[in-house]
Protein chains: 2
Amino acid sequence: MKEGPDIALIASLIGDPARANMLTAMMDGKAYTATELAAEAGITQQTASTHLKKLETGGLILQRKQGRHRYFALSDDQVGNLLESMMGLAAARGHVRTRTGPKDPALRRARVCYDHMAGELAVSLLDSLIGRDLIVSEGEDLSLTDSGGAYFSRFGIDLDSLNTSRRPVCKSCLDWSMRRSHLAGGLGKAVLDHTYAAGWARRVDGTRIVEFTRTGETAFRKAFDLI
Amino acid sequence: MKEGPDIALIASLIGDPARANMLTAMMDGKAYTATELAAEAGITQQTASTHLKKLETGGLILQRKQGRHRYFALSDDQVGNLLESMMGLAAARGHVRTRTGPKDPALRRARVCYDHMAGELAVSLLDSLIGRDLIVSEGEDLSLTDSGGAYFSRFGIDLDSLNTSRRPVCKSCLDWSMRRSHLAGGLGKAVLDHTYAAGWARRVDGTRIVEFTRTGETAFRKAFDLI
DNA sequence: ACAATGCTTCGGCTAGCATCGAAGTATGAA
DNA sequence: TTCATACTTCGATGCTAGCCGAAGCATTGT
């Protein structure tokens, strides 16, 4: 037996993938319900409940009852900072999750990242656009070329209204699953909106998965000249 | 399921009590043999061997072969700092394996944290340095001022060689016993080295305690203008 | 009062992992 | 070469902990 703080207790709490996912979700400082966190971790409500109880007993999270909801949030910024440090170390050691969790290879295929699309298809899309000089990549920044502007107008994407907003039209976003960039920004959102509107794909409820129909994926590939 | 750094992997490595004990032992920055670490954790040699392999694969420790011995040590101070942060959180939440032996007060007074000093004296030191504008604190980062540079040169600390290394010269590290920051980084190491070289203090064998002599502590306080 | 929602608790199943004995490999000494 | 030391790998075992279905509370809405 050794004296001192029991780091194994804290670490083992974070060490379970389901709990780590829930804690990661709470790192934005917001409070979430048990159901939301269960979906985030890909487990059932009752499993999430036992995990949350353990985290609370361990002092990593706090619970706030409000009506029939129970909101969970990180105890304080000390917990958040620790998680951030661990992410830094994990990233530095190359421990980046490419392998998806229990049962969701669909997430790697295509998923929502804020309001645009990420995943294999999204990375292929940006590769194709750059390859045909419709978008130029300058380091981390992307910019639409003239031919690119004409190209996207074909899809009924209103570039003028995008240009007037403060938001950058083209932006690259690093894909953790691919370690490659995909298209974000106003244009990224417009492409995803168009994908929905054309009926090529739909959001799977409660997840970040973008599920293409068989004909939808073919149409998407043809529209954007993917291989 | 989620993309991003895999903190669960790192945390689960630390989360096993046997591994946590071994890592804690290595927090003094020294390298230990597998047999020593097995004794430290209270497990057999072969169990320790499998644990050490996992830690090495995970990038938390490094192995150095020397004759028929194999020495294991923490990969770098990033790992040490993470462990210290976890101790801080564990202590703050009351997760302390209380076997408050006679060593405990000495440990809180001054101890080794990877390669620099932690504990009450170390926290006082950083407070003093910041109070006299020798070091400026910007959030979590520390930086040495011009007058600070001149100040440390007095002690024969070679700042140029510190600056050339990739390691940050000034860095803050959270102290588990004090819940306050102390000085880490290249300068933190240099100060500890100077403390040893000046004969102000010595390491107590088999512990992380830094034991000052009576005159040594007086000299240390005078040298760095502590109260 | 009744139904619906949100969450927790219980019971049983299963997989993964820590653990150790024993055998195998590498290095150094006699 | 032969023995001793240091460590790793293999194989088997036993326990822990995550997981889910079902049932049980609690709160809100109708």
Side-chain angles (χ1 to χ4, degrees), chain A residues 1-2 6-26 30-58 60-73 99-104 205-206, chain B residues 1-2 6-26 30-58 60-73:
Chain A
M1 198 65 173
K2 306 197 45 126
D6 193 353
I7 61 172
L9 198 152
I10 300 284
S12 65
L13 283 176
I14 309 175
D16 177 76
R19 287 194 290 260
N21 282 338
M22 294 194 277
L23 289 169
T24 304
M26 288 185 270
K30 284 187 181 176
Y32 291 91
T33 66
T35 310
E36 287 169 337
L37 292 170
E40 196 73 32
I43 52 179
T44 61
Q45 215 182 57
Q46 55 281 27
T47 304
S49 180
T50 62
H51 281 313
L52 290 167
K53 187 175 183 179
K54 288 179 185 176
L55 290 173
E56 192 185 6
T57 305
L60 296 184
I61 63 173
L62 292 176
Q63 185 185 155
R64 202 181 67 215
K65 289 180 76 168
Q66 198 166 81
R68 56 180 155 185
H69 294 274
R70 298 200 184 185
Y71 288 96
F72 296 90
R99 194 182 80 185
T100 54
K103 41 202 163 188
D104 270 332
D205 278 345
Chain B
M1 200 79 225
K2 302 205 50 139
D6 194 352
I7 60 172
L9 197 152
I10 300 283
S12 66
L13 284 175
I14 308 175
D16 177 76
R19 287 194 290 261
N21 282 337
M22 294 194 277
L23 289 170
T24 304
M26 288 184 270
K30 282 188 177 176
Y32 291 92
T33 65
T35 310
E36 288 169 335
L37 292 170
E40 194 74 31
I43 51 179
T44 61
Q45 213 181 55
Q46 58 274 34
T47 305
S49 181
T50 61
H51 281 314
L52 290 167
K53 187 174 184 181
K54 288 178 185 178
L55 289 173
E56 192 185 8
T57 305
L60 295 184
I61 63 172
L62 291 176
Q63 185 185 154
R64 202 181 66 216
K65 289 180 76 167
Q66 199 167 78
R68 56 180 154 182
H69 292 276
R70 300 200 183 185
Y71 287 96
F72 296 88

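A, B, ... follow the sequence lines: proteins, then strands. Residue 1 opens every chain.
- Residue contacts shown for Thr47(B) include a base, since a base heavy atom lies under 4.0 Å away.
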**OP:** Between protein and nucleotides 24-30 of chain C, map the contacts as a letter string: B base, S sugar-phosphate only, - none, heavy atoms under 4.0 Å, written 5' to 3'.
**Re:** ---BS--
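- Side-chain N/O atoms of Lys53(A) include none lying less than 4.0 angstrom from OP1 or OP2 on dC7(C).
- The side chain of Ser49(B) lies closest to dT8(D) when the candidates are dG21(D), dT8(D), dG18(D).
- In the set dG18(D), dC17(C), dG6(C), the nucleotide with an atom closest to the side chain of Thr35(A) is dG6(C).
- Neither OP1 nor OP2 of dG21(C) sits under 4.0 Å from any side-chain N or O of Thr44(B).
- Put simply, the side chain of Gln45(A) and the base of dG6(C) share no donor and acceptor less than 3.5 Å apart.
- In this structure the side chain of Phe72(B) never reaches within 4.5 angstrom of the side chain of Thr33(B), judged on heavy atoms.
- Backbone-only engagement by Phe72(B) is indicated by non-hydrogen atom pairs under 4.0 Å involving sugar-phosphate atoms exclusively.
- Under the side chain to side chain contact (heavy atoms under 4.5 Å, CB included) rule, Met22(A) has a single partner from Leu60(A), Leu37(A), Ile61(A), which is Leu37(A).
- Using a 4.0 Å cut-off, no side-chain N or O of Thr50(B) falls inside it from OP1 or OP2 of dA18(C).
- Counting to the nearest Å, the P atom of dA6(D) and the CD atom of Gln63(B) are 16 Å from each other.
- A distance of 4.5 Å separates OG1 in Thr35(B) from CD in Gln45(B), rounded to the nearest 0.5 Å.
- Within 4.0 Å (heavy atoms only), Ala48(A) reaches no atom of the nucleic acid at all.
- Inter-residue side-chain proximity for Ile10(A) and Asp6(A) is flagged as unmet; no heavy-atom pair is nearer than 4.5 Å.
- For Thr47(B), the side-chain hydrogen bond (donor to acceptor under 3.5 Å, both in side chains) partners at least two apart in sequence or on another chain are Thr44(B).
- OP1 and OP2 of dT28(D) both lie 4.0 Å or more from every side-chain N or O belonging to His69(A).
- Taking 4.5 Å as the limit, every side-chain heavy atom of Arg70(A) sits out of range of all side-chain heavy atoms of Leu52(A).
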